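Some notes on the structure that comes next.
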Protein chains: 2
Amino acid sequence: MDLQKRSTEELILEAAQAVFLEKGLAGARMQEIADRAGINKALLHYYFRSKEKLSALIIERAIGVILPRVMAVLDTDMELFDKIRLVVDTYLTFVSRNSFLPLFIVNEVNRNPHFFFRAVVEKERNHLDKFRRQVEEAVAQGRIHPISPAQLFMNVMSLVIFPFLGKPIIQVGLGLSDKDFKREMEHRRTEVAEFVIRAIRA
Amino acid sequence: MDLQKRSTEELILEAAQAVFLEKGLAGARMQEIADRAGINKALLHYYFRSKEKLSALIIERAIGVILPRVMAVLDTDMELFDKIRLVVDTYLTFVSRNSFLPLFIVNEVNRNPHFFFRAVVEKERNHLDKFRRQVEEAVAQGRIHPISPAQLFMNVMSLVIFPFLGKPIIQVGLGLSDKDFKREMEHRRTEVAEFVIRAIRA
DNA sequence: AGGTAGTTTAACTGCTTGGTTAAATTTATG
DNA sequence: CATAAATTTAACCAAGCAGTTAAACTACCT
């Protein structure tokens with residue numbers, strides 16, 4: 001079947017993802033997706049009936065790949081500081097290889113929170129509970145500075161994801177070449193976690 | 001002239017901004033802009049020839065409002081920690097009142113870095129030099145943990161801006177109502193700066 | 001060899017959208 | 001009041017786009 005070479009279906013999905021990420025949902029063209037997949041528009045519609053259905057698939061796929069990764073780490077029994085180190089590293093590695101994904105997700109989630117709501121509420125609920133309790137406990141024991149789990153969660157997410165969203169702003173603002181930027185991102189893999197830990201350690 | 005009520009031109013610009021922020025450049029419709037401005041399409045084109053010219057204006061306006069604010073603060077002679085407190089507070093206040101702006105800017109800057117490049121390079125260059133030297137000096141004197149100005153700048157930007165971009169993600173992930181979210185953002189106004197300061201203070 | 005799924009070609013429909021136009025109408029302004 | 005500017009109306013054009021269709025071709029399967 002499709003053991004040897006990537007199936008047409010996969011080719012289309014890859015092409016669709018690429019185009020959607022680059023141009024956004026509204027900006028993407030079915031013709032371009034077909035072209036990039038090396039097929040024609042008729043076949044594209046033969047596989048995925050409409051643009052809407054195709055885009056829904058891509059969105060689900062995108063969220064479904066990135067979300068469980070973080071949640072899985074946050075849900076372990078690992079010690080808090082190590083958990084922070086691991087989640088930063090995991091996330092940063094993944095996003096480095098899919099640098100357009102955050103912008104796409106953030107966009108579509110803002111445009112239509114419904115998708116995301118379903119995706120999370122129905123599956124990934126209370127995967128944060130362990131993390132939440134862990135933080136509250138550490139605060140109560142005086143091991144870390146008082147901070148709400150929500151704020152800490154936001155801070156970690158922010159430090160990891162934003163630089164990819166704001167890449168052009170940061171590059172222009174700081175005068176970094178592509179190589180420079182990549183190097184700074186490499187630094188971040190270790191520095192962000194230590195930054196956070198220094199900020200909360202009592 | 002246009003002293004009493006807002007001129008038609010302003011009405012259009014406001015409507016255009018609203019629609020562009022909501023739908024994105026590609027998703028925005030000239031008809032909708034006209035409707036929201038309370039005029040008709042003909043008049044819309046009578047004032048601003050094309051969608052492209054109109055959107056260029058909106059982008060420039062958006063960037064031009066938010067960028068100088070941060071730069072002005074970073075360029076003062078203020079002591080480093082106070083500067084961090086001020087820039088966080090200034091930015092957070094502004095963005096709270098224009099919560100769709102960051103998403104729009106981040107989008108368009110990624111889609112077309114050229115705009116932003118011109119806007120910054122031609123005006124706001126080396127407004128970061130003072131901040132840069134300041135950080136390097138503080139590191140050299142051992143007053144703060146070793147950190148590059150670039151990383152520190154990214155961290156502050158991230159912590160301030162990201163929560164607005166990821167609002168739906170955070171809300172769903174943490175199960176926050178709109179009121180909850182707003183309250184958390186209120187906390188951030190003071191907490192983010194202290195978080196950063198604790199992270200770098202030697 | 002014949003059938004079936006996958007694929008191409010090429011033309012076409014119907015709708016949306018940006019943009020235009022010309023004439024009519026209203027509003028300000030001197 | 002008269003003139004010019006602002007605004008509406010309504011129709012229109014051309015281009016782009018999602019989606020359809022039918023016929024032909026290809027490759028593989030049994």
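These numbers come from a predicted model, not from an experiment. Residue numbers start from 1 in every chain, and the chains themselves are labelled A, B, ... in the order their sequence lines are given, proteins ahead of strands. Computation of the quantities below employed the complete heavy-atom set of this structure, encompassing side-chain atoms and omitting hydrogens, waters and symmetry-equivalent molecules.
- At a threshold of 4.0 angstrom between heavy atoms, the contacts of A/Ala26 with the nucleic acid are absent.
- Counting all heavy atoms, side chain and backbone alike, A/Leu159 lies closest to A/Arg188 at O-NH2, 2.9 Å.
- Taking atom NZ on A/Lys41 and atom C1' on D/dG19, their separation rounds to 7 Å, with Å as the unit.
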List the steps and the verdict of side-chain hydrogen bond (donor to acceptor under 3.5 Å, both in side chains) for A/Glu191 and B/Gln151.
-> CA-CA 9 Å; A/Glu191 286 200 14; B/Gln151 296 285 348; 4.8 Å; no
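- Side-chain contact between A/Leu25 and A/Ile59 is present, with at least one heavy-atom pair separated by less than 4.5 Å.
- In this structure, the NE2 atom of A/His45 is 13 Å from the P atom of D/dC17, given to the nearest Å.
- Out of C/dA5, D/dT9, D/dA18, the shortest distance to the side chain of A/Tyr46 is found at C/dA5.
- Taking CG from A/Asp82 and CD1 from A/Ile197, the interatomic distance works out to 7.5 Å, rounded to the nearest 0.5 Å.
- Taking side-chain N and O atoms only, B/Arg29 has a distance below 4.0 Å to OP1 or OP2 of C/dG18.
- Comparing D/dT21, C/dT7, C/dG19 by their nearest atom to the side chain of A/Leu43 picks out C/dT7.
- Comparing A/Arg49 and B/Ile39 by the nucleotide of DNA chain D whose heavy atom lies nearest to each, the residue mapping closer to the 5' end is B/Ile39.
- Rounded to whole angstrom, the span from the CD1 atom of B/Ile33 across to the P atom of C/dT17 amounts to 12 Å.
- The side chain of B/Tyr47 lies closest to D/dA6 when the candidates are D/dA6, D/dC17, C/dG19.
- Distance, A/Asp35 CG to C/dT8 P: 11 Å, rounded to whole Å.
- Residue B/Ala42 has its side chain nearest to D/dA10 when only D/dG19, C/dA10, D/dA10 are considered.
- Salt bridge absent: A/Glu79 and A/Arg85 never bring a charged side-chain N and a carboxylate O closer than 4.0 Å.
- Note: CD (B/Gln31) to P (C/dC15) measures 18 Å, nearest angstrom.
- As a whole-Å value, the separation of B/Leu44 CG from C/dT17 C1' is 13 Å.
- The distance from atom NZ of B/Lys53 to atom C1' of C/dG19 is 13 Å, rounded to the nearest whole Å.
- When heavy atoms are screened at a 4.0 angstrom cut-off, A/Ala28 is found touching the sugar-phosphate backbone but no base atom.
- Following rounding to the nearest Å, B/Lys51 (NZ) and C/dT20 (C1') show an atom-to-atom distance of 17 Å.
- For C/dT9, neither phosphate oxygen OP1 nor OP2 lies less than 4.0 angstrom from any side-chain nitrogen or oxygen of A/Asn40.
- Residue-level contact check: A/Phe48 touches neither bases nor backbone, having no heavy atom under 4.0 Å from any strand.
- For C/dT7, the OP1/OP2 oxygens have a side-chain nitrogen or oxygen of A/Thr8 closer than 4.0 Å.
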